[in-house]
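Here's the structure, in structure tokens; my notes come after.
Below, chains carry the letters A, B, ... as their sequence lines are ordered, and counting in each starts from 1. Bear in mind the structure is a predicted one, so any value in this text is a computation, not a measurement.
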2 protein chains.
Amino acid sequence: MADLFEALAAPARQAILDVLCERDGQTLFEICSRLAMSHNLTLTRQAISQHLEVLESVGLLSTRREGRYKFHYLDTTPLEAIVERWLSRNKKKKEK
Amino acid sequence: MADLFEALAAPARQAILDVLCERDGQTLFEICSRLAMSHNLTLTRQAISQHLEVLESVGLLSTRREGRYKFHYLDTTPLEAIVERWLSRNKKKKEK
DNA sequence: TTGACAGGCAAGTAGTGACTTGCCTATTAT
DNA sequence: ATAATAGGCAAGTCACTACTTGCCTGTCAA
């Protein structure tokens with residue numbers, strides 16, 4: 001799994017992105033509880049941890065360790081590739 | 001499978017979107033041969049047909065039947081939801 | 001220093017989706 | 001009419017991935 005779109009496919013990972021959109025820089029446990037509360041997603045901590053790994057591997061989030069806490073920061077720049085790949089190409093055609 | 005992102009996850013379907021970006025309104029057989037030629041993707045006709053079904057089910061393409069031919073037309077408007085969901089939300093925060 | 005907290009590692013399971021094979025229908029050309 | 005073309009339907013296989021369970025490591029507070 002090294003593909004941006006495969007990373008976005010899992011609903012759980014979409015929800016994680018939503019959660020980090022609400023408040024950036026959360027820890028694993030914070031993300032877990034917020035998913036359970038606001039998104040009705042009750043997954044084990046490990047499941048969410050694995051999702052975070054995937055999201056990080058495609059560059060959608062970066063992490064910063066501080067003591068025993070690990071904070072997760074959203075990075076939406078890879079998403080712009082989607083626009084470039086299909087959306088903007090049509091615009092170029094229309095512009096011609 | 002009724003999710004836009006799951007539909008985008010399969011590399012074959014990404015390639016199909018690319019192919020239709022190059023030239024819109026192609027038939028199944030045209031898409032097949034173009035995938036094999038330009039994209040080194042040799043799948044059976046049925047496989048690609050199934051991919052087209054998925055893409056149509058999430059609104060990424062529409063079809064028009066004409067005699068024994070069926071033409072496939074790209075529709076990228078669902079992709080804008082991605083921008084809305086995560087990209088534009090950040091912009092709003094920055095604008096504040 | 002010991003227990004609680006935050007997180008990581010590894011192996012196993014189950015379900016799903018991508019793909020194939022085989023056969024069928026409809027349209028067009030000869 | 002019949003053969004070729006364009007496409008559809010259905011069932012089966014296989015691999016991958018999402019998720020779990022169980023245990024381990026590191027950090028902080030009492």
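- Counted by atom type alone, B:Thr63 and B:Glu56 present one or more donor-acceptor pairs between their side chains at under 3.5 Å.
- Counting to the nearest Å, the C1' atom of C:dT16 and the CG atom of B:Asp3 are 14 Å from each other.
- With hydrogens and angles left out, the side chain of B:Gln50 and the base of C:dT20 share a donor-acceptor pair within 3.5 Å.
- Taking atom CZ of residue B:Arg64 and atom P of nucleotide D:dA6, one finds them 16 Å apart after rounding to whole Å.
- Projected onto DNA chain D by closest heavy-atom contact, B:Arg45 and A:Gly67 fall at different nucleotides, the more 5' of which corresponds to B:Arg45.
- Within the 4.0 Å cut-off from OP1 or OP2 of C:dG7, not a single side-chain nitrogen or oxygen of A:Ser49 is found.
- Spacing between atom CZ of A:Arg65 and atom P of D:dT25 amounts to 15 Å, rounded to whole angstrom units.
- One atom, CG of B:Leu55, and another, P of C:dG17, lie 14 Å apart when rounded to the nearest Å.
- In terms of phosphate contacts, B:Thr44 brings a side-chain nitrogen or oxygen within less than 4.0 Å of OP1 or OP2 of C:dT20.
- Evaluation of the side-chain hydrogen bond (donor to acceptor under 3.5 Å, both in side chains) rule for B:Tyr69 yields no partner, not counting sequence neighbours.
- An end-to-end axis angle of 20° holds for the helix from C:dT1-D:dA30 to C:dT30-D:dA1, taken from five base pairs per end and rounded to 10°.
- Looking at A:Arg68, its side chain has no donor and acceptor atom pair within 3.5 Å of the base of D:dC28.
- Atom CZ of A:Phe5 is separated from atom P of D:dT17 by 16 Å (rounded to the nearest Å).
- Straight-line distance from the CD atom of A:Gln14 to the P atom of D:dT17: 16 Å, rounded to whole Å.
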- Start with the C-alpha gap between B:Leu87 and B:Ile82, add the side-chain angles, then the distance that decides, and say whether side-chain contact (heavy atoms from CB on, under 4.5 Å) holds. CA-CA 7 Å; B:Leu87 284 178; B:Ile82 302 174; 5.9 Å; no
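- Under 4.0 angstrom from either OP1 or OP2 of D:dT17 there lies no side-chain N or O belonging to A:His51.
- We find that CZ of B:Phe29 is positioned 14 Å from C1' of C:dT28, with the value rounded to whole Å.
- Contact check, A:Lys70 against C:dG8: a side-chain N or O comes under 4.0 Å of OP1 or OP2.
- Atom OG1 in B:Thr76 sits 11.5 Å away from atom CG in B:Leu20 (nearest 0.5 Å).
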